[in-house]
Amino acid sequence: MFNLALKNILFYKGRSITTLILTFISALMFIVYVSMMDGSHESMLKNALKVYTGSIEIYKKDYRDIGGNEYLITDVQKIEKELDKIEGIDTYTARYETYGLLSSSTQSSASLVAGVEPLKEPSMSQLKVALVEGEFLSPTSGNCLYAGVDLVKKLEAKLGDEISFVGAASDNSFAADLFKLCGTFRTGSFSFDASSAFIARAYFDELMMSHNKASYINIKVHDLNDVDTINTQISAKIDDSIESLTWKTLMKTMVDAMEVDSIFGYITISIFYVVIFFVIMIFGFINVSSRIREFGTLRCIGLSRQKIRTLLFYEIFILSSIAIMIATPIGAYIAYYYSVHPIVIDGMSEMYKDYGIISDEIPFSFNLFTITWNISVVYLLNILSILYPMAFINSFKPVEAAHHV
Amino acid sequence: MIKIQNVNKYFYKGESREVHALRDINLEIKKGEFSLFNGPSGCGKTTLLNAIGALDSVDSGEIYLGETEITGLNEDARTSLRLNEMGFVFQAYNLVPVLNVEENIGFIMKLRGFSDSEIKARVQEVASFLEIDTKLKSLPNTLSGGQQQRVAVARAVAAKPKIILADEPTANLDSKNSLKLMDMMRSLNEKEDISIVFASHDELVIDNVRRVIKLKDGALVED
């Protein structure tokens, strides 16, 4: 049957070429499209985590829901000692965040003001490399303020200007100080750059009475795939009033958005596949219809219905295999190439800054498992496309088909 | 070898256009016979041939091929019976277009599991006999009608079936090719001792068979 199927493929060239081309395009598009979609999601996530959010963060329970000074971590050193014992943690830092009013001589803006550890922060976030003007913070930079470019723009301030801060200290007392704008940064995340400012932790703790306190402890793990395991270990070592959360929880909105985006992506490609599926099926059906007498003859001379099904299966299997064998390495190469050399669209991040896009690059994801299931779907659809023609041809009586005109 | 007992066959049974295609047919065809179902169009000759060939069912009666009751077999068993015990020759040749002459002739043998060497030897033998041995590598669509029909006969005879059923085999051939085909089939019948049953109204076939079974309106009227 296999040889006969091969001969049929070579003989009925129109159907064979059409099926080959459609299957090739389907497989190639599927691999490339999914690779691009997954790559974009991974990139969004990586960039988001890189900017400021850690892969794991430790909070006092209810800080994220209610907030306020009542929900600060009050013994940072104790937790840090436990973190030192856990493998897989690259580094960690304790941040103290508050919201207050920043004012220049002409403008005011409510902002997030955070005390960060200048020596640890560069390995945790993009704050230092996002420097645009001036300088990043140092442990001795005192009342230096490091602010996002869009916030500075709102304040109509420039480097060296005095910026006043009014807020509440960790003991809920009134806190106010005069800072000097030492540096500005741009991470690319518009909302972050328009509402965040940073001060060296040592100086800020004096002002906020926040020694050994933190809004949260930010942790960077060596391998993102180990995040759940490490999180479990951390949770086991901290007391019940403290919670350790992974990026999946911290960035739930983004994860949900990506899932929705994936669903729409798959719906889009499914519509494309339905069309391709029916085109392949129709060509298969037309081909089978033109061969009714041939199949009738085969049935008359002793081929069973099962053998006819096997013959048709081999035909679509061989065609699909050839197309997929060509499409897979090409698709995989495209996915790999663009995972290493992402497509760059100048101005894309600016255009989509409100959506959290912080890079002009569209990197692809190269994942052999994804490619495998992509081509499996194409295989499956092609095989399914021959079921109706199979049923159609086997619905004829052998003699009726053998005399079909 | 073939025993037909009280066979009746209806088309559109129970409908106003009901046709009684075979009426109480009782018949016996012995091994090695070279016989013909003859009669005008619509007399039931092809229907009877199809019933014997396990290609169509009957409404009542029994048909036996040797000890096997064909009419009682399920679809798979009928298919197997056709493959192993019967050969078919059709009016329109019905060769497999993608297979060359050699492959067409050896196709049934291959399905029945003969070895490649057995198939090759037998194909050569049959093809030589039917004078198509120079066309073994040709595709069917490059052959004349007469040659194609000889390939069909070769395919039917190659696996040495018990019986060959030929439905209007000369209908698409000119008289010269028809005569040649009938000569060859008669020779095969004698040489291979294979029963051959024709359904035809061609005078040339009537002149060349040894037994003529006449049908009219589905009934056997002369034997």
Side-chain angles (χ1 to χ4, degrees), chain A residues 1-17 19 284 286-319 389-405, chain B residues 11 46-57 74-100 103-113 116 139-141 151-152 155-159 161 164-168 171 199:
Chain A
M1 282 302 109
F2 192 82
N3 286 339
L4 183 58
L6 265 179
K7 284 175 186 289
N8 283 333
I9 287 168
L10 294 173
F11 191 80
Y12 298 106
K13 290 187 183 70
R15 179 258 182 147
S16 301
I17 291 169
T19 307
I286 291 170
N287 176 261
V288 161
S289 300
S290 70
R291 295 160 63 190
I292 291 173
R293 197 163 77 175
E294 179 189 327
F295 286 114
T297 306
L298 293 174
R299 292 286 316 281
C300 284
I301 63 176
L303 239 72
S304 63
R305 281 196 166 105
Q306 183 53 42
K307 283 232 164 71
I308 298 288
R309 281 193 282 267
T310 306
L311 177 64
L312 288 171
F313 170 79
Y314 278 143
E315 288 180 17
I316 195 74
F317 179 75
I318 293 166
L319 286 170
M390 271 180 191
F392 170 77
I393 202 68
N394 275 334
S395 67
F396 284 90
K397 284 183 178 176
V399 70
E400 180 189 3
H403 292 114
H404 195 272
V405 181
Chain B
F11 291 118
T46 296
T47 306
L48 185 55
L49 201 73
N50 290 341
I52 294 170
L55 290 168
D56 209 350
S57 58
N74 64 24
E75 180 60 36
D76 286 344
R78 290 150 77 101
T79 304
S80 173
L81 186 80
R82 291 198 296 271
L83 177 66
N84 294 299
E85 313 282 2
M86 297 174 178
F88 293 87
V89 179
F90 302 94
Q91 176 180 337
Y93 328 131
N94 290 45
L95 299 173
V96 182
V98 301
L99 300 180
N100 64 28
E103 291 162 336
N104 260 293
I105 297 172
F107 188 67
I108 294 171
M109 293 183 79
K110 192 132 191 144
L111 288 177
R112 284 177 56 180
D116 286 348
L139 284 175
N141 60 6
V151 175
R155 178 179 67 187
V157 82
I164 291 175
L165 303 167
D167 187 13
E168 304 281 8

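In what follows, every heavy atom counts, from backbone to side chain, and hydrogens, waters and symmetry copies are set aside. The sequence lines fix the lettering, A, B, ..., with proteins before strands; numbering per chain opens at 1. Since we're looking at a predicted model, the values are computed, not measured.
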**OP:** Would you check if A:K397 and B:L55 make a side-chain contact, meaning some heavy-atom pair closer than 4.5 Å?
**Re:** no

Original post:
What are the residues of residues 3-10 of chain A, in order of number, with any heavy atom under 4.5 angstrom from a heavy atom of chain B?
Top reply: A:L4, A:K7, A:N8

**OP:** Mind checking side chain to side chain contact (heavy atoms under 4.5 Å, CB included) for A:F396 and listing every partner two or more places apart, or none if nothing turns up?
**Re:** A:I292, A:F392, A:E400, A:A401, A:H404

Subject >> Residue list, side chain to side chain contact (heavy atoms under 4.5 Å, CB included) with B:A54, at least two apart or on another chain >> reply: B:I70, B:R78, B:L81, B:R82

**OP:** Give, as side chain, backbone, both or neither, the part of B:N84 having an atom under 4.5 angstrom from any heavy atom of chain A.
**Re:** neither

Original post:
Which salt bridge (charged side-chain N to carboxylate O under 4.0 Å, His left out) pairs, counting each pair once, include a residue from residues 298-310 of chain A, with sequence neighbours left out?
Top reply: A:R299-B:E75

Original post:
How many angstroms lie between CE in A:M1 and CG in B:L111, if you round to the nearest 0.5 Å?
Top reply: 5.0 Å

**OP:** Quick one: pull up CD1 in A:I301 and OG1 in B:T79 and give me the separation to the nearest 0.5 Å.
**Re:** 11.5 Å

Original post:
For A:F11 and B:P97, which heavy atoms make the closest approach, and how far apart are they?
Top reply: CE1-O, 3.7 Å

Subject >> Closest non-hydrogen atom pair between B:F88 and A:C300, with its separation >> reply: CE1-O, 3.3 Å

Original post:
Out of B:L99, B:L83, B:D56, B:N50, which one racks up the most heavy-atom pairs below 4.5 Å with chain A?
Top reply: B:L83

